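Working notes, beginning with the structure itself.
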Amino acid sequence: MSIREEALNSAAELGIYECGFLAASEIDVSPEVRRLCEQNACGAYGKSWACPPGVGTLEECLKRMRAFTTVFHFSTRHELEDSYDFEGMMAGKQAHEAIVPRVRAFFRERLGDGIMLLSTEGCRRCKTCTYPDAPCRFPADLHPSIESYGVQVNELAQKTGVKYHNGKNTVTYHSCVFFNE
Ligand code: SF4
């Protein structure tokens, strides 16, 4: 069975709502996304190796992504009480991030460590990040956000067939695994 078939067959068990594949050569970056990071609305800009400018320039990010053959894009969907349900959004984010290590383990078990995962946030693993004075302590477990690499998630979703939004009073989170077939 191919890795694609295995991933599709295991998606529900892994907690994935929707997923799809894309040739990594079709992924692109947008200076506009990087400009949004620079505005630092989330407060994570320049705080770790998982956010700009620590992840590198857009050109470096694009080169890193396109060094793989394939992208596995997956989402999780979470119910909200209403569109102002911030706690529900944060709970959904935590639930999404809880399945990320399982998806990573799924790919690593089959393909080894040579995969890359982009997820939903800047890194807060260590009490004090080494950025920018020394290399990351846990580079193999670093999951920069998809946006930190300059990728428009809604455009990615159009290409992979994964829905960007899933309706009123829900929130959808997205991650990607880059791998070689
Ligand atoms: S794992 Fe630690 S050192 Fe690496 S980016 Fe995250 S907080 Fe910084």
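Predicted model only: the values in this text are computed from it and were never measured. Counting convention: from 1, in listed order, for ligands and their atoms alike. In what follows, residues are counted from 1 in the order of the sequence shown.
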Provide the number and element of each atom of ligand 1 under 4.0 Å from a heavy atom of [X].
X: R137; result: 3 (S), 4 (Fe)
X: W49; result: 5 (S)
X: F138; result: 1 (S)
X: T130; result: 3 (S)

Side-chain donor or acceptor of [X] paired with backbone N/O of [Y] under 3.5 Å:
X: K163; Y: A157; answer: no
X: R110; Y: I3; answer: no
X: S148; Y: P144; answer: no
X: N40; Y: A44; answer: yes
X: R34; Y: S30; answer: no
X: T69; Y: F179; answer: yes

N, O or S from C123 under 2.8 Å to atom 6 (Fe) of ligand 1: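 Coordinating: yes.
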
Among protein heavy atoms, which sits nearest to [atom], and what does the distance come to when rounded to 0.1 Å?
atom: atom 4 (Fe) of ligand 1; answer: C136 SG, 2.3 Å
atom: atom 7 (S) of ligand 1; answer: C126 N, 3.5 Å
atom: atom 8 (Fe) of ligand 1; answer: C129 SG, 2.3 Å

Residue part near ligand 1, for L142, under 4.0 Å between non-hydrogen atoms: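 The answer is the side chain.
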
Aromatic ring pairing H96/F74, orientation class (parallel under 30°, perpendicular over 60°, tilted between):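 Correct class here is parallel.
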
